[in-house]
Colleague: 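What follows is a single structure, and I will ask about it in a moment.
Numbering of ligands and ligand atoms starts at 1, following listing order.
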Amino acid sequence: MASSIYGIDAWGHGLVSVLPDGKIALNDPLAPGSPPVALPDIVRDLQERGIRTPIQLRVQSFLDYGVQRLCAAFRQTISQVGYRGAYRGVFPIKVNQQSEVVRRIVETGKSHGFGLEAGSKPELIVALAQDLSQDSLIICNGVKDDEFIRLAILSRKLGFNTVIVLESLKEFEIVRRVSDEIGVKPMLGVRVKLTQTVTGKWEASSGDRSSFGLGTYEVVQLIDRLTETGFLDCLVLQHNHLGSQVPNVIDVRRTVTEACRFFVELRKMGVPLSYLDLGGGLGIDYTGENRSTDNSVNYSVEEYCTAIVETVGYAMDEVGEPHPTIVTESGRFVVALSSMLIFDVLDATLYDVPDKPKGQEGDHHYLADLMAVEDYLEPRRVQECFNDAVYYRDEIRALFRRGVIELREMGRAERVFLYTLARIAQVNRESRSGGDLDAQLESYVDYYHCNFSLFQSLPDVWAIDQIHPVIPLQRHNETPTRRAILTDITCDSDGKINHFVLADGLHKALPVHDLRENEDYLIGVFFVGAYQETLGDLHNLFGDANVVTIALDGEGGFSVEHETEGDSIAEVLSYVEYDPQDCLAAFRKRVDNAVARRDLSADERRVLISAYKDSLAGYTYFE
Ligand SMILES: *Cc1c(COP(=O)(O)O)cnc(C)c1O
């Protein structure tokens with residue numbers, strides 16, 4: 001099947017499959033064996049309800065699956081290894097702050113004692129409004145002021161297990177003052193910088209050059225100060241953030257080993273630590289490579305759990321210390337798989353020329369040479385033909401710049417070049433000659449112009465070269481005949497996707513089908529549930545996309561659980577301090593002046609004003 005080129009089985013996590021009619025479908029991981037639901041059908045149904053693309057589609061059971069898999073993996077590992085402590089996960093709110101997402105995670109995680117991590121005051125406000133279970137934790141990280149700390153300590157009175165993780169000695173002085181003032185003792189943690197670094201995208205922010213936490217000497221100073229002030233018994237948690245998207249499980253073992261050394265030393269100093277919080281880092285295999293590369297991981301969630309639970313167990317047993325409760329702040333793992341971005345292709349710029357342009361009397365000999373390349377094209381000589389074509393094309397361009405060749409001839413030469421390139425690409429595909437040529441030909445692919453903003457909906461693709469699986473959502477029973485780079489509708493040349501994961505590795509272009517008249521061509525970007533939703537910006541004033549949460553019904557159908565309409569143009573304008581009413585008034589004044597000058601009829605006035613008004617109320621994307 002044509003679909004095998006996309007490598008869906010490798011990166012799909014069992015959630016994505018292809019139907020015999022060529023449509024991409026979603027599989028419910030919590031109802032194995034239930035019929036898959038065709039994604040293009042979901043989109044069509046949503047469109048009929050008036051929800052237009054681009055759509056950020058969230059699948060409830062994919063989200064539940066994230067929470068449940070993490071908790072189940074720790075539970076199983078703990079029992080297999082014979083670990084004598086518990087696991088208490090927390091979800092870091094910054095990874096997806098949407099109220100609906102946080103609420104669902106809390107609900108699903110309730111029976112597992114799953115809690116929340118707040119890295120800021122607003123996030124703590126969110127956490128304190130959730131229906132958390134009694135034994136779950138709220139972990140407060142980040143830089144904290146008086147108000148943040150006051151709220152965290154006061155929440156203890158309501159039965160919340162709110163832990164203030166100290167990031168500095170100064171922070172403790174605020175804690176002490178506030179705690180004395182209100183007469184409530186805090187639960188404290190200390191963020192300790194490890195000396196070991198982890199590899200991957202965030203290598204520079206790990207180790208002792210991390211901008212967060214206390215170095216070894218400061219930790220000792222803090223313990224002395226806690227002892228002096230009678231707060232030592234409040235320090236119950238040691239925090240070590242291992243990083244994010246840690247690609248290599250060996251790094252987990254190494255850093256946890258060091259974390260345990262600190263833990264044991266601190267207990268020796270009389271600190272009543274009972275929680276070891278290992279932060280984030282549990283990665284997602286976005287590319288399905290199962291390797292320690294930036295967008296993949298070389299381990300499963302079970303291996304990650306084993307690396308932690310075993311390491312901590314051994315380290316404690318060695319010195320006869322009781323096993324602590326293990327905490328992780330896994331955000332990406334919990335939410336990344338839960339949503340996808342779906343958009344339509346609006347138009348294409350094609351770089352192939354199907355029919356050979358004819359030569360003309362008086363053509364420059366370089367053009368004749370370029371025309372002749374096709375005559376000696378054969379599998380053995382594809383690279384040579386490519387080199388020749390590029391050489392002649394470049395010579396012709398140089399001649400044009402020097403005034404030797406005219407615009408029409410130059411235009412024909414460019415077409416002959418593209419025609420020849422298409423033939424070379426075809427022979428290359430058929431003969432699979434490989435080598436440099438595959439990569440070189442990828443520089444001459446088509447552009448498919450798509451209805452989305454990279455800056456708004458996929459900021460990490462732009463900022464940190466994040467790779468998400470991207471595939472067409474239909475026609476997988478037809479061989480894709482084109483290769484394309486996907487461009488967005490911002491007028492920024494950075495607004496494009498040009499890294500794709502396919503079955504045979506990473507490519508700069510995506511295999512796509514010819515567009516058809518009056519037929520939507522939908523593309524899906526998968527696993528965008530982590531970090532993407534609120535990091536995005538308003539470049540070119542493209543606003544939030546429509547967000548829809550669906551539940552799969554187990555019988556091949558689905559229901560819409562929640563819908564958030566994307567921004568209207570008026571909303572986006574107000575974010576940058578325009579008053580849409582003022583804009584309308586100014587426009588109307590201009591129209592009225594034109595009517596007064598008799599440049600416009602009354603009828604034209606009505607058409608103009610209503611076009612402006614409709615646009616203000618409408619979606620920022622193509623409708
Ligand atoms: C961002 C962050 C996390 C989440 O990390 P993931 O790799 O997404 O799981 C956890 N803890 C802290 C302190 C963070 O800053």
Side-chain angles (χ1 to χ4, degrees), residues 63 66-67 69-71 73-74 87-97 101-102 105 109 114-120 122-124 127 137-144 148 163-168 171 189-194 198-207 210-214 237-249 251-252 255-256 259 275-286 294-297 299 301 304-305 307-308 326-339 459-460 463-464 466 468 527-535:
L63 182 58
V67 180
R69 260 200 93 193
L70 179 66
C71 295
F74 267 105
Y87 169 69
R88 289 279 170 269
V90 293
F91 175 69
I93 296 174
K94 79 156 193 273
V95 185
N96 192 321
Q97 305 92 334
V101 171
V102 171
I105 290 172
F114 209 66
L116 294 168
E117 185 262 3
S120 67
E123 289 181 358
L124 176 60
L137 297 167
I138 296 178
I139 306 281
C140 301
N141 287 316
V143 186
K144 301 164 209 73
F148 191 161
V163 181
I164 300 171
V165 178
L166 298 170
E167 298 268 3
S168 68
E171 229 165 57
V190 58
R191 183 154 175 176
V192 177
K193 282 186 204 184
L194 299 177
V198 298
T199 55
K201 278 198 172 115
W202 283 273
E203 178 163 0
S205 60
S206 64
S210 154
S211 49
F212 297 102
L214 280 71
L237 178 142
Q238 176 185 309
H239 185 288
N240 305 95
H241 180 46
L242 300 191
S244 196
Q245 185 66 22
V246 172
N248 193 342
V249 76
D251 290 339
V252 175
T255 44
V256 172
Y275 298 97
L276 176 59
D277 180 346
L278 297 165
L282 173 53
I284 288 278
D285 191 356
Y286 290 101
D294 280 357
N295 297 284
S296 180
V297 291
Y299 55 88
V301 60
Y304 169 84
C305 293
I308 289 177
I326 294 171
V327 179
T328 70
E329 305 172 348
S330 309
R332 183 187 300 276
F333 181 84
V334 169
V335 288
L337 301 185
S338 66
S339 62
D460 280 351
I464 56 169
Q466 173 71 51
H468 292 281
F527 311 147
V528 299
Y531 298 103
Q532 304 311 287
E533 276 184 66
T534 36
L535 269 183

Colleague: Using 30° and 60° as the class boundaries, would you call the ring planes of Y87 and F74 parallel, tilted or perpendicular?
Modeller: parallel

Colleague: Using a 4.0 Å cut-off to any heavy atom of E117, which atoms of ligand 1 qualify?
Modeller: 13 (C)

Colleague: Which protein heavy atom lies closest to atom 2 (C) of ligand 1, and at what distance to 0.1 Å?
Modeller: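 Here the nearest protein heavy atom works out to K94 NZ, 2.4 Å.
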
Colleague: Could you tell me, atom by atom, which parts of ligand 1 come under 4.0 Å of a heavy atom of S330?
Modeller: 9 (O)

Colleague: Pick one of side chain, backbone, both or neither for how S244 approaches ligand 1, counting any non-hydrogen atom pair under 4.0 Å.
Modeller: both

Colleague: What atoms of ligand 1 come closer than 4.0 angstrom to any heavy atom of R332?
Modeller: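 Per the distance check, 6 (P), 8 (O), 9 (O).
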
Colleague: Between H468 and F527, does the ring centroid distance fall short of 6.0 Å?
Modeller: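 No: the rings miss the under 6.0 Å criterion.
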
Colleague: Do side-chain atoms of E167 reach the backbone of L214 as a donor and acceptor pair under 3.5 angstrom?
Modeller: no

Colleague: With backbone taken as N, CA, C and O and side chain as the heavy atoms from C-beta onward, which portion of Y531 lies under 4.0 Å from ligand 1: side chain, backbone, both, or neither?
Modeller: side chain

Colleague: Can you tell me how far OG of S168 sits from CZ of F212, rounded to the nearest 0.5 angstrom?
Modeller: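 Interatomic distance, F212 CZ to S168 OG, rounded to 0.5 Å: 12.0 Å.
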
Colleague: May I ask whether G243 places a heavy atom under 4.0 Å from ligand 1?
Modeller: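 It does, in that a heavy atom of G243 comes within the 4.0 Å cut-off of ligand 1.
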
Colleague: Does an N or O from F333, backbone or side chain, lie closer than 3.5 Å to an N or O of ligand 1?
Modeller: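 N/O-N/O distance below 3.5 Å does not exist for this pair.
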
Colleague: Give the atoms of ligand 1, by number and element, whose distance to some non-hydrogen atom of G281 is under 4.0 Å.
Modeller: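 Near G281, the atoms of ligand 1 are 6 (P), 7 (O), 9 (O).
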
Colleague: Record the part of H241 in heavy-atom contact with ligand 1 below 4.0 Å; permitted values are side chain, backbone, both and neither.
Modeller: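 Near ligand 1, H241 shows its side chain, while the N, CA, C and O stay back.
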
Colleague: Would you check if the side chain of Q532 reaches a backbone N or O of D460 as a donor-acceptor pair within less than 3.5 Å?
Modeller: yes

Colleague: Would you say the side-chain atoms of N96 pair up with the backbone N or O of G529, donor to acceptor, closer than 3.5 Å?
Modeller: yes

Colleague: Considering the options V190, I164, I139, which one meets the side-chain contact (heavy atoms from CB on, under 4.5 Å) requirement together with L237?
Modeller: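 Only one of V190, I164, I139 forms a side-chain contact (heavy atoms from CB on, under 4.5 Å) with L237, namely I139.
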
Colleague: Using the side-chain hydrogen bond (donor to acceptor under 3.5 Å, both in side chains) definition, which of the options K94, H241, E123, E117 pairs with N141?
Modeller: E117

Colleague: Can you check whether T328 reaches V90 side chain to side chain, under 4.5 Å on heavy atoms?
Modeller: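 A side-chain contact under 4.5 Å is absent here.
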
Colleague: Quick one: which ligand 1 atoms are inside 4.0 Å of a heavy atom on N141?
Modeller: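 The atoms of ligand 1 under 4.0 Å from a heavy atom of N141 are 13 (C).
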
Colleague: Does G119 have a heavy atom less than 4.0 Å from any atom of ligand 1?
Modeller: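 Outside the 4.0 Å threshold, so no.
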
Colleague: Against heavy atoms of E329, which atoms of ligand 1 measure under 4.0 Å?
Modeller: 3 (C), 4 (C), 5 (O), 9 (O), 10 (C), 11 (N), 12 (C), 13 (C)

Colleague: For ligand 1, which atoms have a heavy atom of G331 less than 4.0 angstrom away?
Modeller: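 Within the 4.0 Å cut-off of G331, ligand 1 contributes 6 (P), 8 (O), 9 (O).
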
